[in-house]
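FYI, the numbering just counts along the sequence from 1.
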Amino acid sequence: MLQGSTFIIASVFFVKIVGIFRSAIIARTLGPWDLGVLTIFTSITDIALQFAILSIPFALAKYVSEYQFKNREKASKIIYNSLWMMMILGFFLSVILFVSSGFISNFYQEPRLSFYLKLYAVFMLLPVFQHGLYSILQGFHKMKQISIYNMTTSIFGLVVIFILATKYGLLGVIISSLVIIVFIIILSLFGLRKVFVEENISIEHKFDMSIIKTLLIFSVPLFISAMIFRPANLFVNTIIFDSLGPDELGYYRIAFTIFMIMMMIPSSIQVPLLPLFSEANSRSKKDLKTFTTAVFKFNALIMLVISSMVILFSGPFVKIVYGQQYLQSINILAIFGCASFFNAMGTIFYTSIIGRGKTVLIAIMSALQALILVILSFLIIPKYGLIGASIIYIFTGIASLSIYLIYYSASKNISLTDVGVRGSLTSFIIIGLTIPIILVDFTYPFWMGALFALGIFAVIYFMLEKQEKTIINNMITGFMLLFK
């Protein structure tokens with residue numbers, strides 16, 4: 001299990017590193033203006049895709065995993081009904097997106113958006129189908145196989161984007177995304193064919209309203225939480241696009257892309273922990289409290305190092321990877337480095353809540369986060385520009401993390417008296433509230449940043465208990481064995 005989890009974590013880091021190079025190719029090829037247009041395009045299409053899949057892939061993975069051993073016939077029905085639900089929803093959403101593309105283009109005063117949205121709408125069923133196939137593989141616990149597919153796709157995508165973006169610009173980037181999805185679908189179909197033979201699964205082509213109802217009961221609260229936050233991000237992007245200009249949104253996109261990559265790292269690490277949260281919850285509150293506190297400190301250890309490195313090296317990183325034309329992204333990225341800590345710590349509670357089956361609570365928290373984000377965006381961005389746009393994610397992260405901690409402390413599911421929890425929170429709250437005020441040029445020498453990050457790692461490491469240090473040492477050892 002340790003080797004499997006370590007491989008997944010290592011693959012996530014690999015994919016994210018390749019993702020940075022891919023974003024650099026796109027940024028250097030398009031320039032700030034077209035990168036801003038691409039940001040609006042991806043925000044709109046992402047919302048349309050979420051409506052199409054309705055968070056059904058989460059339910060599909062959960063119930064396939066649950067029924068693959070005790071009721072294979074029901075697992076087969078779940079696969080069939082889930083895929084057809086998503087495809088039907090995807091068709092309707094593609095028609096709506098196609099018809100509304102002209103209105104959206106006029107709203108943003110960008111004529112090219114209409115054609116790009118129509119192109120995506122025509123092929124929208126492809127990403128819908130791809131999400132369904134991946135969730136089936138996840139349900140059969142083929143996480144290592146998915147990791148291999150992700151690494152293969154990341155390399156393939158890097159080559160495709162370089163060729164098409166260089167030749168066709170923004171249109172090439174959009175076409176390349178569709179080509180990559182087709183490649184993922186082909187890999188997934190080959191993988192599923194092997195899985196179905198091994199598991200002796202035959203798909204029963206029959207609609208079952210009871211299964212559809214079960215899927216919707218589980219997935220709708222998750223869909224609401226996803227849909228609440230995505231329009232809030234689109235709202236932020238729209239304010240920047242309209243009030244500051246597409247080129248300013250391009251600068252913002254660079255910093256936000258790195259921010260999302262930082263957020264994906266702890267999120268991916270939490271995936272193997274989901275069944276452990278469920279197991280701890282089923283045993284006793286004491287076990288859940290001990291486990292949640294330990295995971296919180298471990299996550300803090302990782303994010304303090306990652307966030308600190310991003311803060312300290314945002315200047316040279318942007319100059320080397322993205323070029324001189326994106327210098328305005330440096331301070332924004334440094335602030336997002338602070339925000340990543342608070343937002344990433346919330347992923348622990350997100351995973352824990354799913355493990356406890358309280359999806360409605362996730363929807364409520366997402367709504368609260370979105371409300372804070374929209375209000376702060378409306379008040380701060382027009383006055384403080386891109387700096388204000390990045391600072392609001394610090395405030396949103398601190399607010400949501402505080403609510404999670406108060407809730408978990410009140411329900412006695414985490415120990416706020418633990419020195420590691422208090423130390424990690426206190427140290428980064430000081431950094432998070434100080435950095436946006438100072439706004440210095442973050443171009444420190446490499447050795448200074450390395451010593452600073454190592455110092456933070458050492459402080460938090462010595463705050464851990466003996467058992468937790470053993471777990472971390474084993475994970476580091478397993479990670480190093482991959483490169484032996």
query: Out of curiosity, Leu119 CG to Thr45 OG1, how far, rounded to the nearest 0.5 Å?
result: 11.0 Å
message: Side chains of Ser43 and Asn237: any donor to acceptor distance under 3.5 Å?
response: yes
- prompt: Does the side chain of Leu187 come within less than 4.5 Å of Ile148's, by heavy atoms?
  reply: no
Other residues, nucleotides, ligands: >12 heavy atoms within 6.0 Å of Tyr108 OH: yes
query: Between Leu97 and Leu93, does a side chain to side chain contact (heavy atoms under 4.5 Å, CB included) hold up when you go through it step by step?
result: CA-CA 6 Å; Leu97 183 61; Leu93 263 298; over 6 Å; no
query: Which residues satisfy the salt bridge (Lys or Arg N to Asp or Glu O under 4.0 Å) test with Asp46, sequence neighbours excluded?
result: Arg230
Exam field: side chain Ser82 to backbone Ile79, donor-acceptor pair closer than 3.5 Å: no
- request: Quick one: list whatever passes side-chain hydrogen bond (donor to acceptor under 3.5 Å, both in side chains) with Tyr134, sequence neighbours left out.
  value: Asn150
message: So, applying side-chain contact (heavy atoms from CB on, under 4.5 Å) with Leu117, which one of Ile40, Ile104, Val122, Ile174 is it?
response: Ile104
message: Looking at every non-hydrogen atom in both residues, tell me the closest pair between Gly90 and Leu125 and how far apart they are.
response: C-CD2, 3.6 Å
Minimum side-chain heavy-atom gap Val128-Leu49 below 4.5 Å: yes
Phe190 side chain reached by Lys194 side chain, heavy atoms, under 4.5 Å: no
message: Any non-hydrogen side-chain atom of Ile186 less than 4.5 Å from a side-chain atom of Val182?
response: yes
task: Ignoring hydrogens and angles, tell me if any N or O in the side chain of Ser105 forms a donor-acceptor pair with the backbone of Gly102 under 3.5 Å.
output: no
Contact summary for Met124 and Ala48, nearest pair of heavy atoms: CE-O, 3.2 Å
query: Which heavy atom in Val18 sits nearest to a heavy atom in Ser154, and how many Å separate them?
result: CG1-O, 3.4 Å
field: Contact check, side chains of Leu89 and Phe51, non-hydrogen atoms, under 4.5 Å
entry: no
query: Taking all non-hydrogen atoms of both residues, which atom of Val374 and which atom of Ala232 are closest, and how far apart?
result: CG2-CB, 3.9 Å
query: Say you draw a straight line from OG of Ser100 to NZ of Lys118; how long is it, rounded to the nearest 0.5 Å?
result: 8.5 Å
Note, Tyr116 side chain near Leu170 side chain (heavy atom, < 4.5 Å): yes
query: Is any side-chain heavy atom of Val173 closer than 4.5 Å to a side-chain heavy atom of Leu38?
result: yes
message: Which residues pass the ring pair (Phe, Tyr, Trp, His ring centres under 6.0 Å) test with Tyr393, not counting sequence neighbours?
response: Phe256, Phe259, Phe336
- request: Might you point out which heavy atoms bring Leu249 and Gly36 nearest each other, and give the distance in Å?
  value: CD2-O, 3.3 Å
- line: What one should report as the nearest heavy-atom pair of Leu60 and Gly132 is CD2-O, 3.6 Å
message: Could you tell me if the side chain of Leu35 sits less than 4.5 Å from the side chain of Ile254, heavy atoms only?
response: yes
query: Is there a donor-acceptor contact under 3.5 Å linking the side chains of Ser176 and Arg22?
result: no
